[in-house]
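In what follows, a single structure is set out as structure tokens and then discussed.
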Amino acid sequence: MKRQAYQPILITDASRSQDDQLTSRQRRYIAMMGVRVACVIVGAILVGIRAPLLWLWLPLVALGMVLVPWLAVLLANDRPPKDRHRLANRFRPGPPAEAPARSLTAEERPHKVIDAET
């Protein structure tokens, strides 16, 4: 008898582990806070050199300094939804409900009318 090669079992619906989720959220938070630091530095440079169109650039940089940390905290605290709370599962049609099998009574059965004249 020939031995088969080891085939790993593929679990496609398995969710990511808590450690993996935490690591990805931490990386996303650090990246977004890096963007905030870049906004602070760019804002300081623009004010320092009195850049042209400062009235346009400074509000954009300030918006980045305010919105990015807020979004970073929201996304860092966000976890993937549980399967029972996903919208896709709520609206997915279930198995069709089968009507109970029912036999017709004698009165409900179609009758054959035999014409005597034919």
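As the structure is a computational prediction, the values presented were derived from the model and not from experiment.
Identified under the side-chain hydrogen bond (donor to acceptor under 3.5 Å, both in side chains) test for residues 25-52, with sequence neighbours left out: none.
If you chain together hydrophobic residues whose side chains sit under 4.5 Å apart, Val73 and Leu67 never meet in one group. Cluster annotation: Leu63 is connected to Leu75 through the hydrophobic network of ILVMFWY side chains, with a link wherever side-chain heavy atoms come within less than 4.5 Å. One hydrophobic cluster, built from ILVMFWY side chains closer than 4.5 Å, cannot hold both Ile49 and Val47; they sit in different ones. The hydrophobic cluster containing Val37 also contains Ile45, counting ILVMFWY residues as joined when their side-chain heavy atoms lie under 4.5 angstrom apart, directly or transitively. Clustering ILVMFWY residues whenever any of their side-chain heavy atoms sit less than 4.5 angstrom apart, transitively, puts Val68 in a cluster other than the one holding Val40.
The main-chain N or O of Leu74 is never found under 3.5 Å from a side-chain atom of Asp78 such that the two would form a donor-acceptor pair.
Contact record, Gly64 with Pro69: O-CD, 3.9 Å, taken as the closest heavy-atom pair.
Between the side chains of Thr23 and Asp20, no donor-acceptor pair is found at a separation under 3.5 Å.
In this view, Val61 and Cys39, Val42, Leu46, Met65 satisfy the side chain to side chain contact (heavy atoms under 4.5 Å, CB included) rule, not counting sequence neighbours.
The line from CG of Leu53 to CG of Leu58 is 12.0 Å long, rounded to the nearest 0.5 Å.
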